[in-house]
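Proteins come first, then strands; the chains are lettered A, B, ... in the order of their sequence lines, and each starts at number 1. Just so it is clear, the model here is predicted, and its values are computed rather than measured.
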Protein chains: 2
Amino acid sequence: MYIVRQGMIQPQPAVPSMTSTLVSPTPDMPHARRQGISRDDLLAATLKLIGPNRSLSTVSLREVAREAGIAPNSFYRQFRDMDELSIALIDLAGSSLRTIIGQARERATSTERSVIRVSVETFMEQLRADDKLLHVLLREGAVGSDGFKHAVERELTYFEDELRIDLIRLAAADGATLYEPALVAKAITRLVFAMGAIAIDQPPERDPALIEDISTMLRMIITGSHALERVAN
Amino acid sequence: MYIVRQGMIQPQPAVPSMTSTLVSPTPDMPHARRQGISRDDLLAATLKLIGPNRSLSTVSLREVAREAGIAPNSFYRQFRDMDELSIALIDLAGSSLRTIIGQARERATSTERSVIRVSVETFMEQLRADDKLLHVLLREGAVGSDGFKHAVERELTYFEDELRIDLIRLAAADGATLYEPALVAKAITRLVFAMGAIAIDQPPERDPALIEDISTMLRMIITGSHALERVAN
DNA sequence: GCGGACAATATACATGTGTATACACGATCG
DNA sequence: CGATCGTGTATACACATGTATATTGTCCGC
């Protein structure tokens with residue numbers, strides 16, 4: 001089957017898993033005759049198909065069905081079309097990433113600097129994880145249907161919000177104030193995702209150097225924000 | 001036909017145009033029997049096809065031929081396949097953008113701050129231009145064949161290099177020094193392109209606000225770089 | 001045990017694709 | 001003028017796709 005750490009896509013526990021919210025939103029089926037294939041199976045199959053050169057919009061319904069080992073028409077029992085599946089995948093990837101980064105932040109809530117570091121490292125770690133979930137968010141941001149793009153945008157905005165709150169908290173702990181924290185959060189988020197898109201196509205050996213670079217960039221942004229705040233007052 | 005300002009795709013001056021380098025790289029044809037369709041025509045047709053929801057990798061050879069008004073097979077006279085055409089398009093978009101931004105920089109080489117402003121404004125202007133050339137660079141960065149992605153990466157790197165040189169020059173004119181100018185240039189470039197990708201899907205009314213936001217972000221980065229340089233010494 | 005319901009399949013069809021082959025035109029040059 | 005060659009086209013084929021329709025198989029409640 002398909003096992004992802006963090007219990008995002010379980011081996012197959014009859015009833016899907018947590019993370020859900022959208023995965024099988026109606027678990028109130030009487031008995032479920034014989035649920036051969038599940039939404040999660042299709043999501044997993046899709047993840048296997050998208051590689052460095054394949055984006056979601058180029059994956060066909062039949063391919064997914066083939067990969068999942070079902071007849072093409074069985075696909076319709078789970079999703080109306082590839083677009084619906086894609087959106088589900090994006091939401092899954094977003095919530096998963098936020099969970100993981102959130103845990104990383106809690107783990108290292110000491111100085112502003114080390115939090116940045118740990119978050120960036122965790123991000124890159126996810127990038128290399130074999131579930132490819134992050135890949136979805138990284139490269140599907142610009143293409144696809146409207147619903148598609150809105151889904152990506154929504155996830156990134158969630159991410160921004162959580163980051164903004166964290167940044168404010170951290171700055172306060174250091175007795176400082178940030179200039180335009182919302183913009184800082186947005187800049188950091190977009191920059192990290194853009195750099196992640198670069199990293200994904202590079203050999204993993206360069207990851208440490210990239211982590212270094214990204215961390216420096218983020219320090220520039222945050223330091224600059226502090227400086228501008230001082231100027232503004 | 002298809003006219004783009006800056007003479008990127010000329011109305012049809014027998015021999016293509018400048019910008020070339022890659023457009024018709026062998027102009028040493030004896031007389032050119034009867035050149036009904038040109039590479040530029042196909043590029044223009046492709047630009048018409050890619051919209052907010054279409055990426056280059058989802059445009060088919062036949063579609064381009066149809067849009068250009070030629071038989072599918074005639075396509076092969078100009079490009080081996082869509083991949084080759086896509087790369088040509090990317091190179092065209094990149095060199096065009098660099099020219100335009102370069103001119104904008106020269107036009108306003110006063111203070112560091114105004115240069116940023118003018119560059120960002122020019123960038124957004126291009127975003128709304130009707131030739132959609134910038135769109136190619138914005139949304140094709142993450143998907144497609146290897147040659148494809150390398151082409152995008154190459155153009156962005158060119159962009160970074162020119163920006164870095166400019167940043168150093170500007171800082172020197174202000175009697176300051178930048179911390180890690182290469183990283184600053186990279187951060188700015190990637191951030192601007194990422195924000196551009198957001199802008200493209202928003203109504204143009206929000207452009208002014210976005211320009212404001214982006215400018216602030218860039219000021220944070222540059223201010224931060226100055227600050228870090230001071231700390232480092 | 002059995003009828004019915006429902007998941008999953010098999011078959012089929014219209015459409016779009018990339019490309020191979022063969023052909024038609026028109027300019028060029030001997 | 002006529003041969004030739006470059007350019008564009010028409011036709012064709014094999015294949016993949018999304019989806020409609022009909023069919024099978026299996027489990028449930030009776």
>> What is the distance, to the nearest angstrom, from the CZ atom on B/F79 to the P atom on C/dG18?
In response: 15 Å
>> Assuming nearest nucleotide by heavy-atom distance, tell me which of A/R77 and A/R62 is located more 5' along DNA chain D.
In response: A/R62
> Rounded to the Å, how far apart are A/I70 CD1 and C/dA7 P?
Replying inline: 13 Å
>> If I take atom CG in residue B/L61 and atom C1' in nucleotide D/dT9, what distance separates them, rounded to the nearest angstrom?
In response: 15 Å
> Atom CZ of A/F75 and atom P of C/dA10: how far apart are they, to the nearest Å?
Replying inline: 18 Å
>> Rounded to whole Å, how long is the line connecting atom CE of A/M82 with atom C1' of D/dT17?
In response: 12 Å
> Which pair of heavy atoms, one from A/R139 and one from B/V143, lies closest together, and at what distance?
Replying inline: CD-CG1, 3.9 Å
>> I'd like to know whether CD of A/E84 has more than 12 heavy-atom contacts from other residues, nucleotides or ligands below 6.0 angstrom.
In response: yes
>> What's A/S60 touching, base or sugar-phosphate or nothing? Going by heavy atoms closer than 4.0 Å.
In response: sugar-phosphate
>> Distance alone, cut at 3.5 Å: any donor-acceptor contact between the side chains of B/D83 and B/S86?
In response: no
> Rounding to a whole Å, what distance do you find between A/E67:CD and D/dA16:C1'?
Replying inline: 17 Å
> Got a donor-acceptor pair under 3.5 Å from the side chain of B/N73 to the base of C/dT21?
Replying inline: yes
> Rounded to the Å, how far apart are A/E63 CD and D/dT17 C1'?
Replying inline: 10 Å
>> Nearest whole Å is fine: how far is C/dG18 P from B/R80 CZ?
In response: 16 Å
>> Treating A/D161 as the side-chain partner and A/Y158 as the backbone partner, does any N or O pair qualify as donor plus acceptor under 3.5 Å?
In response: no
>> Of the options C/dT9, D/dT7, C/dA12, whose atoms approach the side-chain atoms of A/A71 most closely?
In response: C/dT9
